[in-house]
There are 2 protein chains.
Amino acid sequence: MGEEEEAVAAFVEEAGLFYERLGLSRTEGRVMGRLLSAPEDDADAPALCEALGVAKSSMSVSLRRLEQAGLVERFRRPGGRRDRYRLADDVFQRAFRAKMAEFDRFRALAERGLAAVGDDPRRRERLELMRDMYGFMADRFPDLLDEWDRVKQERGR
Amino acid sequence: MGEEEEAVAAFVEEAGLFYERLGLSRTEGRVMGRLLSAPEDDADAPALCEALGVAKSSMSVSLRRLEQAGLVERFRRPGGRRDRYRLADDVFQRAFRAKMAEFDRFRALAERGLAAVGDDPRRRERLELMRDMYGFMADRFPDLLDEWDRVKQERGR
DNA sequence: CGTTTTGTTCGGATCATTCCGAACAAAAGG
DNA sequence: CCTTTTGTTCGGAATGATCCGAACAAAACG
């Protein structure tokens, strides 16, 4: 294996670890790493199995889960016979929006807590802080994404 | 069990699931839920074991990990004989800062990828986008936290 | 000192997840 | 139709994390 391929393989493994921390499986994370660093913009399942040393059954479920998460798109070339896979063009925006949704779930959890604890002001204080802070973040986060879109435009893509 | 206690217990379990999704263990998450919703501002280990039905050995490691994560503070009352535990007063800020650190690790991962793929512009494009977007978010996030601090001040606590 | 209280560490049991290979289903081509 | 190709589902093995009870260490008291 050439030096560069080895470095790319290392990157793929590291991406696997990173995405695993985010709740994907190791294999799903490695697929992300591969699609991020491969020379081609897309790949089919057998190629990914070969590149990553994964059984096609595992690849099948990994790709479906990535597809359902909106991180990977499945498509077929006109006249083609097998599915191909590529990163969604808004893959990072999606990741951030997922974070945002997480904020909102936390806000909702705080609401449930407030409903549970009743009137004691001391018990409510912490949960109100939690609710308001996560609510604030969920409010502001979309602006941040918009701002990024503008910056990206100006940068020219 | 009273209606309210039951609702609080349900909240604790739900908090356990939420925090588990963030990378804590179930028990650690339940401790967070308990400290968020308990009538008292702090608790000792036996009380938490009793409330959550957890062995003291498990509680010991959970509390230490929460302490190391900066989510929970360990302290001892003057003249007291056992440690007590309370939520860090900046517990939510800390959670957000952890998210921010995650953004920066992703940026660093993209840098590693760029170092690995070499000069091919097509391969660099995706990774540069990843690097720049996560870098942008890591840049702007502290401002968001500052803004929240101001809002919280104005709100009056 | 010896005793009691408090907190940590250890080994093993349990549980959930992930992954593989094989069987299966579905679709396309000839 | 029948065959080939493609993708999914199933059962089980392996892995890793979590948790428990018991043994252990350390500190506070008398």
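First the proteins, then the strands, lettered A, B, ... as listed; each starts at 1.
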I want to confirm an ordering. Mapping B:Val61 and A:Leu24 to their closest nucleotides on DNA chain C, which one lands closer to the 5' end? B:Val61
Would you mind reading off the distance between B:Arg76 atom CZ and D:dA27 atom P, rounded to a whole angstrom? 10 Å
Using whole Å, report how far CZ of B:Arg65 lies from P of D:dA17. 10 Å
Touch check for B:Gly53, heavy atoms < 4.0 angstrom, all strands: base, sugar-phosphate only, or nothing? sugar-phosphate
Base, sugar-phosphate or nothing for A:Ser25? Non-hydrogen atoms, less than 4.0 Å. sugar-phosphate
Would you call [X] and [Y] a salt bridge, using N to O less than 4.0 angstrom?
X	Y	result
A:Arg150	A:Glu154	no
B:Asp83	B:Arg76	yes
B:Asp42	B:Arg77	yes

Would you indicate whether A:Gln68, at its atom CD, is surrounded by more than 12 heavy atoms from other residues, nucleotides or ligands within a distance under 6.0 Å? yes
Could you grab the distance from atom CD of A:Gln153 to atom CG of A:Asp149, nearest 0.5 Å is fine? 7.0 Å
Point-to-point distance, once rounded to the nearest 0.5 Å, from CD of A:Glu20 to CZ of A:Arg30: 11.0 Å
Tell me whether the side-chain N/O atoms of B:Ser58 come closer than 4.0 Å to OP1 or OP2 in D:dT18. no
Please identify the 5'-most and 3'-most nucleotides of DNA chain C with any atom under 4.0 angstrom from a heavy atom of chain A. C:dT18 to C:dG29
